[in-house]
Structures are given as structure tokens and as C-alpha cells.
Asks: 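Sharing a structure, written as C-alpha cells. Questions coming.
To find a chain, count down the sequence lines: A is the first, B the second, and so on, and within it residues start at 1. Below, each value reflects all heavy atoms present in this structure, side chains not excepted, and no hydrogens, waters or symmetry copies.
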Amino acid sequence: MRGLFLLLVLVSFNVLSQDMSTVSGTVTNGRNGETVIGAKVYIPSIRKGTITNNYGFYSLTVPSGVYEVEFRVTGMKTEKDSIDLTSDVLYDKEIGSDTQLIDEVVVTAKGDDNTKSAQLGQIDLDIDEIKTIPAFMGEVDIIKTIQLLPGVSSAAEGGQGFYVRGGGPDQNLVLLDEAVVYNAAHLFGFFSVFNADAVKSVSLIKGGMPANFGGRMSSVLEVNMNEGNYKHLKIKGGIGAISSRFTVEAPIKKDRGSFIVSGRRTYIDLIMRAAIPSTSPFAGSSYYFYDLNLKLNYRLSKKDKIYLSSYYGKDEFRFGNAEDDFDVAMPWGNAIAAFRWNHIFNGRLFMNVSGTFTDYLFSFGSKQDEFRFELKSGIRDWGSKVDFTYLPGQRHKLKWGAHYTYHTFTPTSVSASQEDVVFDTGLAQKLFSHESALYFLDEFDITDKLRVNAGLRYSMFHHVGPFKRYIKGDISTPDSIITYNEGDLIQFYHGLEPRVSMRWMLPDASSIKAGYSYNYQYVHLTSLSAVSLPTDIWFPTTSIAKPQVGWQGSVGYFRNFLKNQYETSVEVYYKDMNNLIEYKEGALPSDNVNDNTDNLLTFGKGWSYGIEFFVRRTYGNLTGWIGYTWSKTERVFETLNNGEPFPAKYDRRHDFSAVMTYKLNDRWTFSSAFIYATGNTLTLPTSWYVQDQDLLFTYGQRNSTRMAPYHRLDVSAILHSKPYQQKIDPTTGESMQVKKRFKSNWVFSIYNVYNRANPYFLYVDNDGDFLDGNFEISVKQVTLFPIIPSITWNFEF
Amino acid sequence: MMRYTTYFAAICSVLLISTGCTKEVEIDIPGHVEQLVIDGVIETGQPPIVLISKSKEVYAPTDLNAFLTGFVSGATVTVSDGTNTVELEEICSGTLTQAQQELFAQAIGITPSEIANYDLCAYLSLDPDIFGQVGKTYSLNVEFEGETYTAETRILNPTPLDAVWWKAEDDAPNHGYSWCTLSDPANQFDSYKWEVKRMASDADGNPEDDNFTETYNPIFNDEFFDGLTFDFFYENPFAYSSTLPENERWLFEYEDTVVIKLSKMDRNVYEFMEKKYLQLATAGNPFATPTNIPTNISGGALGIWAGYSPSFDTLICVP
């Protein structure tokens with residue numbers, strides 16, 4: 001070990017001792033001025049390159065000299081510039097231009113990053129690629145697209161909760177411009193909060209999480225919003241089957257600053273209003289959601305840039321029954337904001353400072369006659385972080401930083417009244433905590449073949465007062481309460497989280513990668529149902545609910561074919577998870593009146609292992625991927641299922657998906673998506689008995705019943721308007737083709753083409769009466785979505 | 001007290017089942033284990049009655065015959081109040097007097113006229129020494145097929161209602177809910193069960209109701225109103241027919257006479273009842289967790305040994 005360390009130091013010293021120069025800067029898209037994430041900056045003569053980070057920044061240190069440097073962006077013509085690198089150079093690059101004709105563009109393949117990077121289990125999706133994939137009811141959906149990737153599955157048809165390599169939906173760190181999103185779903189999970197018109201890029205890390213990410217055990221989903229057009233005013237929108245979108249983007253000051261505002265609203269409520277007659281007892285029942293994205297960016301100088309991003313979205317559900325004077329109102333939604341400042345100290349040192357705010361609130365209010373009941377649940381975060389990237393030489397890429405979040409959790413706050421009498425529902429329970437972390441990582445090319453990304457994260461969690469701890473007595477012992485005052489330290493957890501991944505290059509554009517990550521997670525999601533719902537409650541670590549702790553190990557073989565036109569990979573993984581939570585049998589969230597939510601929970605552990613196969617084509621007219629996953633996911637809780645292991649509710653032995661997009665010509669693009677997955681597990685009654693003339697059920701082994709397999713084919717066709725128009729050149733009098741400013745397309749899609757009746761859930765139904773001799777018990781399957789055609793019209797100018 | 005989760009689960013379920021396509025499927029549900037079901041009750045001033053049956057596999061026949069022949073005989077059942085220990089007799093319906101048949105019918109939940117068609121057996125004792133008394137704890141011991149099952153329940157002090165009255169609804173002047181005032185004892189766990197029985201006679205001159213009927217959501221505890229005095233109302237469980245005008249459903253009619261039975265129970269019985277009604281409301285619903293109903297019977301049996309201390313009020317529905 002000591003010898004290896006010495007070798008590393010010597011290699012580093014050898015590299016640093018050469019006469020080196022650094023080229024650094026920002027790559028922007030010439031069509032709109034936005035920074036480009038993942039652009040490749042490459043010097044072919046010495047076969048050295050790098051890619052831009054999430055802010056479009058790059059830095060490449062090479063032996064001093066004059067080089068021809070290539071700038072590659074997927075889908076755009078590669079550009080080559082000669083750069084004098086006899087000294088450090090700050091070189092901003094604008095690639096492509098708005099005047100470039102489409103048929104001039106030589107579309108480049110995505111490159112060989114998938115084999116060369118040390119990162120395992122990372123998949124980057126281009127938003128334009130996502131937009132071509134068939135969408136449910138025409139709503140382009142990021143979450144549903146990533147559910148098509150190997151190792152990622154959905155909880156139920158149309159659901160937004162996603163499960164990565166056997167981890168729960170709470171174990172995914174979902175970031176929108178670096179702010180945490182706790183509930184990324186609209187309409188009980190059927191639609192994503194991410195409006196595709198406002199999204200620039202999507203990246204999923206499902207294994208080998210680097211040390212700059214933390215707080216979750218399974219995956220990182222990074223969603224970056226568009227910055228807005230730095231060149232000119234641009235308007236785009238769409239009219240779909242259930243919602244419409246409208247986006248405006250424009251420069252604040254040309255090439256210096258820009259903004260984007262994007263809004264979306266459904267009109268399900270209008271349809272419901274028309275469908276439910278005013279005389280119906282259900283008149284007034286309605287549902288709709290809306291969301292609004294806003295982002296401002298400004299380059300203060302060549303070295304400083306600031307961003308302000310925000311999201312506000314809300315679902316409004318109302319259900320009424322005039323007959324019973326019964327009314328339910330259920331709003332929920334997210335408010336998110338992030339302020340960021342990028343600063344380039346020099347060509348080798350980059351800094352990002354962020355301040356974030358996240359607020360998620362769910363409310364349930366009901367009224368029946370004079371009885372009123374209200375329940376609120378939510379979480380509010382104030383966060384800040386500072387991250388540095390330092391590139392001291394060709395072989396090292398160092399990152400370090402500090403993260404801090406102040407959490408306020410409101411697991412369940414209940415109030416109730418009957419006319420003038422206000423019931424004692426206990427104090428509104430709030431939990432306050434500080435979560436912080438320090439990290440350091442180095443992506444280090446030990447040799448040309450061996451690259452290591454090694455990092456260490458040290459995380460801490462302080463649960464602080466005010467807080468009341470209810471200690472529940474049994475029948476003969478009264479409850480007791482411990483009261484903590486504001487700022488009192490109630491519980492402290494901390495731990496080291498080592499992360500390491502490595503890549504060994506092999507001949508023929510192939511590599512082997514291995515990774516290990518150890519993670520602490522200080523938040524939990526309590527869920528009663530088999531699908532993700534807004535009623536799921538976020539809950540922090542406490543003295544009773546310990547932090548989730550887990551590790552994942554994975555190994556993969558990556559190989560590209562035909563000059564990187566085809567990317568293939570095989571990855572195996574094993575994941576171990578501890579301190580998972582479930583509700584105790586029969587417990588309900590509302591049982592925490594004069595009690596703590598964690599007293600209702602029980603704790604256990606889980607594990608998952610599997611193998612994933614992935615073939616992807618990113619080049620040419622035919623693109624897409626085929627993914628297959630074999631996996632097994634189990635849980636064990638001492639107080640559930642008699643302490644025996646049971647399959648997780650999203651345990652799926654087989655998961656297959658095939659996504660194809662074919663661009664026939666400039667006007668027509670066709671695509672399809674096929675999915676096959678082993679049916680979800682669920683717990684159904686195994687026996688019945690009668691007590692006091694009521695038929696009651698007993699449930700056997702947890703999740704011992706498996707639904708029928710899920711499979712579905714979706715197709716879509718996109719018809720683009722003609723991209724050119726004929727005009728007469730006023731100077732020459734000749735006819736010429738001019739690119740149209742107004743562009744539009746029609747998206748025709750069919751969901752579930754062969755009308756497969758996929759199970760959404762099963763339930764045991766009993767009907768009739770014993771005494772009448774017509775009593776029956778049967779198992780019923782509910783299918784939500786039959787074949788659904790939809791049309792969407794999109795435009796931009 | 002309303003349970004929001006039940007509401008939410010019910011709403012989601014109704015929406016999905018009504019908007020989705022539902023069909024019957026045959027699916028393997030492994031894991032059935034036959035268990036003894038003990039359904040025992042003792043009330044203030046009443047004899048202990050115990051019914052014993054066995055649980056059935058979910059796809060087992062569910063006709064009346066399957067239900068009524070599911071009761072087991074041959075068990076040795078004893079009840080003790082700490083002083084008196086009495087072995088209950090296995091009594092079959094064919095050997096009972098009409099009064100006993102009525103009591104028996106009430107325990108099983110069928111009408112006395114129907115009980116005559118079946119020779120059903122139950123375990124009870126008519127020894128007055130073992131009739132339920134307030135403040136006593138009653139132990140149940142069942143021996144069957146070499147296994148022993150035991151349970152305890154306590155008959156608590158009753159909490160009578162302060163007042164009961166009827167109030168007409170604005171949109172239905174001849175119909176209204178039953179209203180009452182309850183003073184809940186402070187600083188203790190209290191749980192209640194609400195039942196009613198109509199006192200009118202039918203066309204043949206017989207009582208309209210033989211048994212007390214539980215209202216919708218009949219179980220509640222004092223977690224929200226410990227020590228408070230407050231007014232609340234309950235609906236008429238007999239007036240739910242869709243043939244009734246909408247504004248008269250769930251309401252008592254002017255000049256109805258009903259007896260309200262408000263029973264107290266111990267915490268274990270309450271927890272059984274609470275989970276029972278939760279399961280009845282949410283069974284099979286994917287938006288709710290599967291609920292196994294707890295029992296206060298040890299030895300691996302299902303069911304409950306329940307002690308109740310009822311108080312009765314007569315409500316005459318006039319302003």
C-alpha cells in the first residue's frame with residue numbers, strides 16, 4: 001500500500017514537472033448562447049481531451065505547444081481551432097450558429113466517454129432525444145424515460161416513483177439546478193414536475209456515486225434547466241391532449257444575460273366540469289396542476305456568472321359529495337429556488353457557490369357536515385454549498401467542497417373541530433435538523449489505461465430542538481414526554497463515506513470498470529401504499545429512526561463498436577441497505593396525535609443484486625437503446641412477516657426495454673418503446689373468517705403474490721413543418737432556400753398499441769350476503785390505461 | 001373520528017376503479033394456514049357467549065352453508081372472573097328456548113327465525129354468577145384439539161351520555177340526526193362503540209329490529225377530546241337505501257323511537273375493533289397497507305374476547 005502511494009506521488013510529480021499549459025473556458029451554443037454541458041474538447045495530436053461540466057466550463061492542461069483543438073457537441077458539426085498553448089489561455093468557444101443550415105451539419109457521434117470515464121452506471125440523456133420518445137398522453141416525461149433504462153423501474157403503470165437497483169424512491173437524489181426535489185410528481189404520480197420545454201439536460205448516476213453527491217443511497221438524477229436564449233427572443237409552446245405549455249426566453253443583455261419563463265397547465269378540471277352536470281352530487285369535483293419555471297443568468301465578467309433558478313408547481317384536487325355534505329380539498333406542490341455563482345479563479349481552479357430553497361407541502365382537508373379535519377405534511381430545506389474543481393495537471397482532477405442544509409420536517413400536523421369544539425390533536429409536530437458534509441475527490445489517471453476516481457465524504461446530522469419526545473407506555477403505564485428546547489442537541493450522527501471507482505482501458509474501444517460507494521442517508525420516506533403518492537411522508541433521522549446506511553459494489557464491461565456508433569455495457573451490482581423503515585403493521589400516519597411518527601415505524605434492512613445489459617446507438621438516423629435487467633430485491637424486518645425475508649414491492653426478476661427512434665427525413669421521425677417486466681409483488685388476503693357477522697381477512701407472507709407480467713408498446717410519429725422556404729435574393733434575383741423562423745411539429749402518439757390490460761393493482765372483492773346465499777369472494781384486477789392515442793402540436797419561433 | 005388515510009384510500013380507489021377497467025382474475029395466493037377463530041363477548045348483566053370456527057382459504061366456498069357449518073364443537077371453554085370459574089356449555093340452537101334463541105341469534109348476527117333452520121352450536125353459560133359485572137376482569141380459556149387459547153378482557157365503568165335529542169335538518173324538516181352530549185372522563189383512555197335499535201313494531205306487531213345495529217364507523221376513542229364535554233351526532237344506519245330521497249338518507253324520521261347503546265371497552269378490544277373497521281374500509285386497496293387485525297387471544301387463534309359496558313338511552317325523535 002505504501003509502495004503504491006509512493007508510485008502515485010512519483011507519477012504525479014513527473015507529470016507536473018513538465019512544461020505545461022492550460023486552456024480553459026466556456027463552451028456555448030452559437031444558436032442560443034447557452035452553455036453546453038458535456039461538450040468534448042479534444043486535441044487529436046496528443047489524444048488528450050476533457051468535457052465541459054454542468055456550467056459549460058472546461059480546463060485542459062497539456063505540454064506547452066500549438067495545437068489544433070476540436071470542440072465536439074453531439075448533433076452539431078465538430079469545429080477545430082488552432083490554439084497557441086505556449087502559455088495558459090482562457091478560450092471561450094461558441095460552437096455552431098443560428099444561420100447554419102441543417103443539411104450542412106455533420107452530425108457527430110456521442111464519443112467514447114462511456115468507455116473512458118471512470119464513472120459507472122451513469123447515463124446522460126439529451127432532451128431532444130427524450131422528446132422523440134413516445135409520451136403518455138403526449139406529455140414528454142423525463143422520469144418515464146429514465147424508467148426505460150436498465151436498472152431503473154417504476155412502481156406501477158404511469159407512476160413517477162422510480163426505483164434504482166432495488167433502492168426505494170426516497171433513495172434517489174433528484175436535483176433541479178442543484179436544489180433538491182422531494183416529490184417530482186403531478187397527478188398522483190402520473191406526470192413529472194419537469195416541464196421538458198424548460199429542461200436542458202438529464203443525467204442519471206445509478207452506481208458508483210462520486211463523493212460530491214450525498215444524502216441518498218441509490219442514485220442521483222440531475223436535471224438542468226435551460227438558461228434562456230442569449231441571442232434573441234424565442235417563444236415556444238405546445239397544445240396537448242391534457243395540457244398546454246408556453247415558454248418565453250430572451251436576452252437580458254445580448255450575450256451577457258438571459259432569462260426563460262416556462263409555464264404549463266392541465267385542463268382536466270375543465271373536462272371534468274363539462275362532464276359532471278351541475279345537478280350531480282359530485283359537481284365541483286375537479287383536478288388540475290400547473291407549474292412555472294423561471295431562470296435568469298448573467299455573465300458578470302469572463303470569470304463570473306450568476307444564475308437564479310426557480311420552480312413553482314401545484315396540484316389541486318377537490319372531491320365533493322353534496323348528498324353527504326362531504327368535501328375534500330387536497331392541494332400539494334413544490335416551491336424551489338436556487339442561486340448560483342460560478343467563479344473561475346484561473347484556468348485550473350473553478351468554483352461554484354449555491355444557495356438553495358426547497359419547500360414541499362401536502363395538505364388534506366375534509367368537511368362532513370359540521371366536522372372539519374385538516375392534515376398537513378411537508379418539508380422545507382435551506383441549503384448552501386461551495387464546490388471547487390482544480391485541475392493541477394493532465395492526470396488529476398480534484399474536487400472538494402462543503403454542503404449544508406437546514407431541514408424543517410412536518411411529518412403530520414392534524415387539526416379537527418366539530419362546530420365550536422376544537423379537538424385536542426396535539427402540537428403540530430415539526431422536526432429541525434442540520435445536515436452537512438465535507439468531501440474531497442480526485443479523478444486520477446494513474447496510467448493511460450488506469451483511471452481512478454477516489455473520494456471521501458464526511459457527513460454529519462444534528463437533530464435539534466424544539467421537540468417533544470413521546471415515550472409510549474403500555475396499557476397500565478402512562479405516556480411520558482421529554483421536552484427539548486430550541487437549539488438543544490437531541491441526536492448526532494456522523495460517518496465517513498468512502499467512494500471509489502476505476503476504469504481499465506482495454507483494446508478495441510473497451511474498458512472494465514469497478515466501483516464501490518458507501519452512503520449515509522439522513523431522510524426517510526414513509527409510505528403506506530404500493531405506489532408513490534403525495535401522502536407519503538418525509539421523515540428525518542431521529543434517535544429512534546437511525547440513518548439509512550448502505551453500500552453498493554459494481555463491476556462493468558464497456559465496449560463501443562463502429563467508431564462509437566454503438567455503446568454496449570454489462571454491469572453487475574450488489575447493494576446492501578440498513579435502517580430501512582416501514583410502518584408497523586396497522587399503523588397510520590394520522591396515529592401520531594400526541595405521539596411521534598417514528599414510534600409508528602419499524603426498522604429493517606434490504607439487499608439487491610442484479611445484472612444489466614445495455615446497447616445504445618446515438619449516431620445516425622436510427623438511434624435508441626435496448627436494455628435488460630435481471631435482479632432480485634429483498635427486505636427483512638424483525639417485526640414484519642414473522643421476521644422472514646420478503647420481496648420488495650418493486651422486486652422484478654426481468655425488466656426489458658427497447659427504445660427506437662428513426663429519422664426518415666427532415667420532416668418525419670418515428671419512434672417506438674417496448675417494455676416487458678415481471679409483475680409487481682403485492683400482499684393479498686390468504687384466508688377469511690367471520691366475526692360478529694363481518695367477513696374479515698388475514699394476510700399471509702408479505703408481497704407473496706405476484707401480478708401478471710407488464711408489457712406494452714408505444715409508438716409515435718413526429719411531423720415537422722418544412723424547415724425552409726423559397727425566397728428571391730434581392731441582390732442577385734436568384735431563388736434561394738431560407739430557413740424558416742417559425743417552426744412547428746405535430747406529434748402523433750399511441751400509448752399501449754395492442755391494448756394490453758396491464759395490472760395496476762389487484763384487490764379481493766366480496767359481494768352479496770351470506771344469509772341470501774349469494775356471497776362471493778373474487779380477485780379483481782384494475783387496469784388503468786387501454787390504448788390511448790394522442791396528438792400534440794408544438795411550435796417555436 | 002374520521003381517518004384521513006381511509007378517506008384518501010377510498011377516494012383514490014373509487015377514482016381508479018371507476019376510471020380503470022376491472023376484471024376478475026385467477027391468481028395464485030399462497031400462504032393459507034387454517035386458524036381457530038374465537039369470537040367471545042361478555043357484557044354487563046349478560047352471560048358470556050363464545051363462538052368458535054375456523055378460518056378458510058380465500059377461494060373456499062362462501063355460501064351460507066359454508067358459513068353456518070364452519071362452527072366447531074367439542075371445545076372446552078371456561079370463563080373466570082377471578083373468583084368464579086365456569087365451564088361454558090356447548091349449546092345448540094335446536095335445544096334453546098325462544099328467548100335463548102333470540103340471544104343466540106344476536107350473537108351470531110342472524111335473525112331468530114333463520115336460526116331455526118340450522119342446528120348451530122355455541123358456548124355459553126346461564127349461571128348468573130358469571131354474568132358480566134362492571135369492574136371485573138374476565139379470563140377466557142379454550143382447549144381444542146390439544147391446543148390451549150387464553151384471553152382477558154375487562155368490563156369498564158360505563159360513560160352514559162349527558163343528553164340525547166333529535167334535530168331536524170334545514171332541507172328535510174321531518175328528518176334529522178340523533179344528537180347527544182358526551183362528557184368524556186379526563187386523563188384516561190376511553191373508547192366507545194355506538195349502536196342503535198328501532199323500537200317501532202312492524203305490520204305484524206313484532207319489533208322492527210331484533211338486534212342492535214352498528215352505525216357506520218361505530219368505533220371511536222378520546223384521543224381528540226380527552227376530558228371534554230361536547231355535542232356530536234350520529235346517523236341512522238337503517239336509512240341508507242337509494243330509494244330514499246337524497247336529503248333524507250342517513251336521517252331519523254320525525255317520531256321515530258330508537259334506543260342508543262353506547263358501550264365502553266378496554267384498549268385491546270378497541271384496537272381489534274379499530275383495525276377491523278379499518279380493514280373493512282380498505283381491504284385490498286393498494287393505497288392502504290394490508291391490515292392484519294390484532295387479537296387479545298394467545299395461542300395462535302384469531303378473533304376477540306370482548307368485554308363491554310353499555311349504557312342505554314332512548315331517543316324519541318321530536319323537536
Asks: For Pro30(B), run the side-chain contact (heavy atoms from CB on, under 4.5 Å) check against Thr705(A), Thr686(A), Leu684(A) and tell me which one passes.
Replies: Thr705(A)
Asks: Going from OG on Ser687(A) to CD1 on Ile29(B), what distance comes out if it is rounded to the nearest 0.5 angstrom?
Replies: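 Ser687(A) OG to Ile29(B) CD1: 10.0 Å, rounded to 0.5 Å.
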Asks: Given heavy-atom pairs under 4.5 angstrom as the criterion, report whether the side chain, backbone, both or neither of Phe189(B) touches chain A.
Replies: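 Interface part for Phe189(B): neither.
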Asks: Rounded at 0.5 Å granularity, tell me how far CD in Glu34(B) sits from OH in Tyr689(A).
Replies: 14.5 Å
Asks: Among Met707(A), Lys780(A), Gln691(A), Arg706(A), who wins on heavy-atom pairs under 4.5 Å with chain B?
Replies: Gln691(A)
Asks: Name the region of Ile38(B), side chain, backbone, both or neither, that has any atom closer than 4.5 Å to a heavy atom of chain A.
Replies: neither
Asks: Can you list the residues that meet the side chain to side chain contact (heavy atoms under 4.5 Å, CB included) rule with Val25(B), with sequence neighbours excluded?
Replies: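 Scan of Val25(B) (side chain to side chain contact (heavy atoms under 4.5 Å, CB included), adjacent residues dropped) gives Leu762(A), Val779(A), Gln781(A), Lys23(B).
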Asks: Look at His32(B), Glu24(B), Glu214(B), Lys56(B) and state which one has the largest set of heavy-atom pairs under 4.5 Å with chain A.
Replies: Lys56(B)
Asks: Sub-3.5 Å donor-acceptor pair from the side chain of Asn292(B) to the main-chain atoms of Tyr699(A), do we have one?
Replies: yes
Asks: For the residue pair Val37(B) and Val690(A), establish whether any side-chain heavy-atom pair is separated by less than 4.5 Å.
Replies: no
Asks: Going by ring pair (Phe, Tyr, Trp, His ring centres under 6.0 Å), name the residues that satisfy it together with Tyr308(B), two or more places apart in sequence or in a different chain.
Replies: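 So Tyr308(B) forms no ring pair (Phe, Tyr, Trp, His ring centres under 6.0 Å) with any residue.
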Asks: Can you tell me how far CG of Asp692(A) sits from NZ of Lys276(B), rounded to the nearest 0.5 angstrom?
Replies: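 Going from NZ on Lys276(B) over to CG on Asp692(A), the span is 4.5 Å.
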Asks: Ile777(A), Leu696(A), Thr698(A): which one forms the most heavy-atom pairs within less than 4.5 Å of chain B?
Replies: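 Top option by heavy-atom pairs under 4.5 Å: Leu696(A).
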Asks: For Gln701(A) and Gly31(B), indicate whether the former's side chain and the latter's backbone hold a donor-acceptor pair under 3.5 Å.
Replies: no
